[in-house]
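Here the structure is a predicted model, which is why all the values come from computation and not from measurement. Ligands are counted one by one from 1 in listed order, and the atoms in each one are counted from 1 as well.
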Amino acid sequence: MQATVKMPAATTAGRHDWTVDDAEVLLGRPFNDLLFAAQSVHRARFDPNRIQLSTLLSIKTGGCPEDCGYCSQSAQHETELARQRLLPLDEVLDTARRARDAGATRFCMGAAWRNPTDKNLETVLAMVAGVKALGMETCVTLGMLTAEQAERLAGAGLDYYNHNLDTSPEFYGQVISTRTYRDRLDTLEHVRAAGLKTCSGGILGMGEGRRDRASMLCQLANLPAHPESVPINLLVQVEGTPLFGTATLDPFELVRTIAAARVMMPGSYVRLSAGRDDMSDELQALCFLAGANSVFYGERLLTTPNAGAQRDLALFARLGLAFETAELPGREAPGACHHHADQLAASD
Ligand code: SAM
Ligand code: DTB
Ligand code: SF4
């Protein structure tokens with residue numbers, strides 16, 4: 001099959017036959033053993049002292065027909081959210097340039113659609129080309145795609161498509177009723193077949209159990225290729241959504257899930273995604289120790305606040321974490337473009 005040919009070798013390697021029982025045993029190992037296993041795997045594949053920074057922008061906000069129980073943007077929930085039509089190109093490029101200058105290497109654009117229309121896709125293709133021209137990697141998340149739409153995005157030079165499985169197949173129906181798990185897997189298949197890199201992960205703290213977290217990790221790790229990027233979001237509770245008021249997750253379960261994701265998908269970037277604003281520095285440090293090596297960087301996620309850049313730079317400096325900056329024209333020498341947080345903070 002053509003899709004197999006295009007798969008990046010780094011992620012087709014590794015185990016793809018995880019059972020939910022295996023993953024549940026892994027998640028339930030003594031904490032110190034699990035973290036040691038994750039650190040060992042992490043160090044074999046990555047520089048343990050470097051993380052990747054992506055910045056998010058909501059290019060079309062609210063009014064989504066889907067009913068995802070966690071989401072501020074569903075038209076079916078009564079949230080205090082200002083809707084915003086698809087942003088103009090120059091506004092998107094200005095924001096991307098600022099994100100690049102602040103140190104992000106990837107710019108991720110999200111739209112509150114069930115799926116893009118072909119006309120809307122056309123506008124997004126121009127955004128992708130424009131952001132690429134700034135020297136950044138590009139990622140978009142637009143909902144479900146047809147095979148042809150995925151091909152068009154690849155043709156425009158898109159690097160990553162984000163499409164989360166969000167939870168286990170067993171728990172999915174309790175969170176979302178307007179689409180199926182199969183719909184999600186189908187889009188991921190189109191993304192892979194078009195040769196795009198896959199960004200896919202989930203949300204924790206929605207009332208799921210440890211077995212659901214194990215089952216979600218199995219779904220991700222047993223895909224034909226491990227996603228290049230695996231975002232692990234902690235539910236951001238938004239007033240007016242059905243999941244507002246859900247009992248908060250034991251933070252060690254978040255650390256365990258990151259560690260298990262690291263072990264099960266050794267070559268993938270694991271992103272500590274939504275929810276950092278409410279986390280202590282110590283909890284974030286544990287997540288990095290467990291193998292998280294990417295974060296969303298900037299003042300906002302899509303519709304909610306993120307840990308701010310100043311707090312992040314201070315944290316990275318305290319932990320001695322370095323990160324890559326975008327390769328800009330006139331700033332070559334890839335070896336020399338890895339910055340430590342204190343350097344960037346000092347140059348601001
Ligand atoms: N509409 C597209 C879709 O759902 O695929 C793209 C945008 S959607 C907002 C992208 C992802 O954001 C979701 O799959 C979910 O994982 C995450 N997300 C949305 N609301 C969240 C929340 N309140 N807390 C944590 N993650 C959230
Ligand atoms: C992902 O896994 N998390 C991001 C991104 N992919 C698109 C979105 C997080 C959204 C958090 C809630 C909000 O800001 O609306
Ligand atoms: Fe729509 Fe995406 Fe929010 Fe679901 S998560 S309601 S599909 S914007």
> Have Asn120 and Thr123 got a donor and an acceptor in their side chains that come within less than 3.5 Å?
Replying inline: no
> Can you tell which part of Ile203 has a heavy atom less than 4.0 Å from ligand 1: side chain, backbone, both or neither?
Replying inline: side chain
>> Distance check, rounded to the nearest 0.5 Å: Arg276 atom CZ versus Leu283 atom CG?
In response: 11.0 Å
> Sub-3.5 Å donor-acceptor pair from the side chain of His77 to the main-chain atoms of Gly240, do we have one?
Replying inline: no
> What protein heavy atom sits nearest atom 5 (C) of ligand 2, and how far away is it?
Replying inline: Phe296 CZ, 3.7 Å
> Can you tell which part of Asp166 has a heavy atom less than 4.0 Å from ligand 1: side chain, backbone, both or neither?
Replying inline: side chain
>> With rounding to the nearest 0.5 angstrom, report the CE to CD distance, Met265 to Glu228.
In response: 12.0 Å
> Of the backbone and side-chain N, O or S atoms of Cys64, does one lie nearer to atom 4 (Fe) of ligand 3 than 2.8 Å?
Replying inline: no
> Can you list the atoms of ligand 2 that are under 4.0 Å from a heavy atom of Thr141?
Replying inline: 7 (C)
> atom 6 (N) of ligand 2: which protein heavy atom is closest, and how many Å away?
Replying inline: Asn162 OD1, 3.5 Å
> Are any of the N/O atoms in Leu302 less than 3.5 Å from those in ligand 2?
Replying inline: yes
> Mind checking whether Gln76 has a heavy atom under 4.0 Å from ligand 3?
Replying inline: no
> Is Cys71 close enough that one of its N/O/S atoms sits under 2.8 Å from atom 3 (Fe) of ligand 3?
Replying inline: yes
> Which is it for Val238 and ligand 2 at heavy atoms under 4.0 Å: side chain, backbone, both or neither?
Replying inline: neither
>> Below 4.0 Å, non-hydrogen atoms only: which portion of Met144 touches ligand 3? Side chain, backbone, both or neither.
In response: neither
> Is the closest heavy atom of Arg184 to ligand 1 under 4.0 Å?
Replying inline: yes
> Considering only heavy atoms, does Asn233 approach ligand 2 within less than 4.0 Å through its side chain, its backbone, both, or neither?
Replying inline: side chain
> Is the shortest side-chain N to carboxylate O distance from Asp94 to Arg97 below 4.0 Å?
Replying inline: yes
> Quick one: does Gly110 get a heavy atom under 4.0 Å from ligand 1?
Replying inline: no
>> For atom 4 (Fe) of ligand 3, what's the nearest protein heavy-atom neighbour? Residue, atom name and distance, please.
In response: Cys68 SG, 2.3 Å
> For ligand 3, which atoms have a heavy atom of Tyr70 less than 4.0 angstrom away?
Replying inline: 5 (S)
> Considering only heavy atoms of Leu302, which atoms of ligand 1 have at least one such atom less than 4.0 Å away?
Replying inline: 9 (C)
>> Tell me whether Lys119 contacts the main-chain N or O of Leu121 through its side chain, where contact means a donor paired with an acceptor under 3.5 Å.
In response: no
> For ligand 1, which atoms sit closer than 4.0 Å to a heavy atom of Ala274?
Replying inline: 25 (C)
> How about atom 8 (S) of ligand 1: does it have a protein heavy atom within less than 4.0 Å?
Replying inline: no
> For atom 7 (S) of ligand 3, is some protein heavy-atom partner under 4.0 Å away?
Replying inline: yes
> So, is the end of the Arg271 side chain (NZ or CZ) under 6.0 Å from the ring centre of Phe296 and within 45° of the ring's axis?
Replying inline: yes
>> Tell me the contacting part of Val236 for ligand 2: side chain, backbone, both, or neither, using a 4.0 Å heavy-atom threshold, strictly below.
In response: neither
> Under 4.0 Å from any heavy atom of Thr304, which atoms of ligand 2 are there?
Replying inline: 12 (C), 13 (C), 14 (O)
> What atoms of ligand 2 come within less than 4.0 Å of a heavy atom belonging to Thr303?
Replying inline: 13 (C), 14 (O), 15 (O)
>> I need the nearest protein heavy-atom contact for atom 11 (C) of ligand 1: residue, atom name and distance, please.
In response: Asn164 ND2, 3.8 Å
> Any chance the side chains of Thr79 and Ser72 put a donor and an acceptor closer than 3.5 Å?
Replying inline: no
> Do Glu66 and Ser74 have side-chain N/O donor and acceptor atoms under 3.5 Å apart?
Replying inline: no
> In Å and rounded to the nearest 0.5 Å, what is the CZ to CG distance from Phe107 to Leu93?
Replying inline: 8.5 Å
> Under 4.0 Å from any heavy atom of Ala111, which atoms of ligand 1 are there?
Replying inline: 1 (N), 2 (C), 6 (C), 7 (C)
> Which atoms of ligand 2 sit under 4.0 Å from any heavy atom of Pro231?
Replying inline: 2 (O)
> Can you tell me the protein heavy atom closest to atom 21 (C) of ligand 1 and the distance?
Replying inline: Tyr70 CD1, 3.7 Å
> Any cation-pi pair here, Arg106 with Tyr160, using under 6.0 Å and within 45°?
Replying inline: yes
>> Looking at atom 23 (N) of ligand 1, tell me if a protein heavy atom falls under 4.0 Å from it.
In response: yes
>> Tell me if a side-chain donor or acceptor on Asn222 pairs with a main-chain N or O of Gln219 at a distance below 3.5 Å.
In response: no
>> Just by distance, no angles: are the side chains of Thr61 and Gln84 close enough, under 3.5 Å, to form a donor-acceptor pair?
In response: no
> When Tyr70 is tested against each of Asp166, Thr241, Thr167, Asn233 for side chain to side chain donor-acceptor pair (under 3.5 Å), which residue passes?
Replying inline: Asp166
>> At less than 4.0 angstrom from any non-hydrogen atom of Val236, what atoms of ligand 1 do you find?
In response: 22 (C), 23 (N), 24 (N), 25 (C)
> Any sub-3.5 Å donor-acceptor pair from Arg211's side-chain atoms to Ser215's backbone N or O?
Replying inline: no
> Hey, is the main chain of Ala102 close enough, under 3.5 Å, to the side chain of Tyr297 for a donor-acceptor pair?
Replying inline: yes
> Which ligand 3 atoms are under 4.0 Å away from a heavy-atom of Ala112?
Replying inline: 8 (S)
